[in-house]
Amino acid sequence: MNNKKQEIIKHSTAHILATAVLEMFPEAKFGTGPATEEGFYYDFDLPRTLIPEDLPLLEEKMRAVIKADHSFEKEEISTENATKHFEKANQTYKLEIIKDLQNEGNKNVTIYKTGNFVDLCSGPHIDSTGEINSQSFKLTKISGAYWRANEKNKQMQRIYGVVFENKKELEEYLENQEKAKERDHRKLGKELDLFCFSDLIGPGLPLFTPKGTIIKDELQKHIEEVCRKYGFQKVSAPSLAKVELFEISGHAKKFGDELFHVTSKKEHDFVLKPVQCPHHTQIYASKTRSYRDLPIRYMESDKQYRAEKTGEVGGLSRVYAITVEDGHSFCTANQVKDEIKNMINIIKDFYGALGLWGNHWVSLSVRDYAHPEKYIGDEKDWNQCEKILEEISDEMKLGAKRCEGEAALYGPKLDFMFKDALGKEIQIPTVQIDFATPKRFNLEYTNEKGEKIPPVMVHRAILGSYERFLVLLIEHFAGAFPLWLSPVQVKIIPISEKFEDYAKEVEQKLLENNIRVEMSFESESLGKRIAEAEKQKIPYMLVVGEKECEAKTVAIRKRGEKKQEVLPLEEFAEKIKKEIEGKK
Ligand SMILES: [Zn+2]
Ligand SMILES: [Zn+2]
C-alpha cells in the first residue's frame, strides 16, 4: 500500500469511528480526526468519560457502519450554509473551524456524509465504508487532548486506532506492539539492573549501575579502538566553559534556555557544555598549525548538558545529562572528502560489529532554503558542502536521500538511520561539514604558499550518546547482548554446596582470563537458579557437579540453546576468550 492510499484509509476510518461515536452519544461534539504515522485518532467532547470497555463496543458499531457500506457523499456548500448546518447540530468546534476558514477568505467548504454523520472535511476519502476490511482495524487507546492543543481550551477525549489492509497485517502490528512492550528499555533496564533514577538526584539524571557501566565502558573501549585505527586521538575537556565560548560558536543562541548556567562568585558565569565542538576548537588553537599537520582528529566521550523537557519518566531517551561520543577533524578543503569517507568507514566498522550495517538508509540533510536565517555561514560554502556530500554518496554508493530543512546549524550533513529488530527507525551516526565554526574562532593553519587560512571542521558522531545507544541496544537485542557487551558473561552454577570449591576453581580460571563471571550459590533449587540466569540473559551457564569436578570439565549451556556441551575447563576458557576478542 502506498503512503497516500494508506493515509486515505486511516483518515476514512476516523470518520467511521466518528459515525459510531455519534450513534453511541447523539449529543457528541466533534473535534478533528486526522491520520497519523501509526494510524488515526478523533477528538470528541462527550457527556461522560470513556472507559476501556467502550472501545470494543465502538468497534462493533464501526463494523456495522462498514457492513452498511455507506458512501462518503461529498458536497461543496457556502460557508453560510455550513454555519447554519453545524449551528443546528450544535457542533461548536466545527463552527470555530468554519469561522477560521471564512477569515482566510474561503467562500465554500466541503462536507462529507457517511450514514448519519456529517463532517466538515477537505478529504480525500475512500468511496464507501465497505472498502475497509472489518477485521483489520482496532481502537488502541483513549487519552485526553486539549482542543487545538491549547491548554486554555477544553480538554476533549481522543480515541486512537490503527487500520490495515488485511487481518494479517493487523495481527503482525499487534504482535509487534506486544514484543515492543517486552523489550521496553525501562522494563528491561530494571530487570537486568542496568540503570536507575533517584528523586534526590532528580528526574532526567540517570545513574548507571555496575552492570550498566560495564556496557558503557565496553562500548567506549570499542569505539575508541575503531577510531584510533582511523587516526583519531583522544582528548579531554572540562564540563564548564565561559558563556562567551558558546556565544561565539552560536550555541548560546541556538539552545537558549536549554543551557544550564553555573554561577558562584561574582566573576563566575559559566555554562555546562551542551556540545563538545567549541572546546575542541580551543585545543586546535593552542598551537600554530601547518598544512603538514592536517588533518587533526580529536575524539572524546564526555557528559553534555541540556535542559530538555523530560518527556518519559524513568527512561533514558530524554535526559538532562548525556554522555556523548563526539569527534572532530580539522582539515584542508582538499581533504574534506577523504575525511568524510574515513568517518563513514568508521560507522561501517562499528555498526557492522553489531550486525546493524546494511539495515539502514542515509539522509543527505540540507538547508531549509526558505529560512536561511536559521543557519550560520556563507551561502557559497553551503553550496560547496552540499555538493561534496552528494559526490560522496555517489562514490560510496550510499544512495542518500535529500532531506530539506534537516541540516545542522553550521552545515549540511549525512545522517544514518538504522532499523532495530522490531523495525523501529533510529537516527544516530552523522557526519557534518562546517566551514563556519573555524572562522568564528579565528582558527588557522599555514598553507603551502605560506598564507594563514582557516581549516575546515568536520563533525562526526558514531554512537551518539551512550544513554540513547543503550536504549537501542536493549530494545534491539531484547536484553540478550552480544557476549562481549554482556555485563555477566558466564554464570557458574554448582549443583550443590558440595561442589562449591570446584566452582570457585572454575571462577578463578575465568577471572584470570578477564572473563566476567558470577557465581550462583545454593540458596535456591537448581532449576530456579538456571531459570534466573536465563531471565538475566547471561550468554553462558556452567553447571558443575560430581562428574565435572572429577574430570575438571564444565557442562555448558549456551543462551537460547537447549543442548548441553561438556568441555575441559581449560578449553572452555580459551574458546570463550577468543569469542569475546572477536566480538562475535
Ligand atoms: Zn475527512
Ligand atoms: Zn561537533
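Start at 1 and go down the list; that is how both ligands and their atoms are numbered.
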Q: Kindly give the atom name of the N, O or S atom of His459 closest to the Zn ion (ligand 2).
A: ND1
(Q) Using a strict threshold of under 4.0 Å (side-chain N to carboxylate O), is an ion pair present between Lys413 and Asp415? (A) yes
Q | salt bridge (charged side-chain N to carboxylate O under 4.0 Å, His left out) involving Lys234 - partner list, sequence neighbours excluded | A | Glu224
Q) Looking just at side-chain N and O atoms, do Tyr93 and Asp43 make a donor-acceptor pair shorter than 3.5 Å? A) no
(Q) For Glu96, give me all partners under salt bridge (charged side-chain N to carboxylate O under 4.0 Å, His left out), at least two apart in sequence or on another chain. (A) Arg148
**Q.** Residues which pass salt bridge (charged side-chain N to carboxylate O under 4.0 Å, His left out) with Lys452, listed by chain and number, not counting sequence neighbours
**A.** none
Q. What does the angle at the Zn ion (ligand 2) come to, between atom NE2 of His328 and atom SG of Cys277, rounded to 10°?
A. 110°
(Q) Please evaluate residues Ile376 and Arg440 with respect to the criterion side-chain contact (heavy atoms from CB on, under 4.5 Å), reporting the C-alpha separation (whole Å), side-chain torsions for both, the decisive distance (0.1 Å), and the verdict. (A) CA-CA 10 Å; Ile376 62 173; Arg440 289 188 156 215; 3.2 Å; yes
Q.
For the residue pair Glu300 / Ser236, report whether a side-chain donor-acceptor contact shorter than 3.5 Å exists.
A. no
Q.
Which of the protein's N, O or S atoms come within less than 2.8 Å of the Zn ion (ligand 1), not counting waters?
A. His11 NE2, His15 NE2, Cys121 SG, His125 NE2
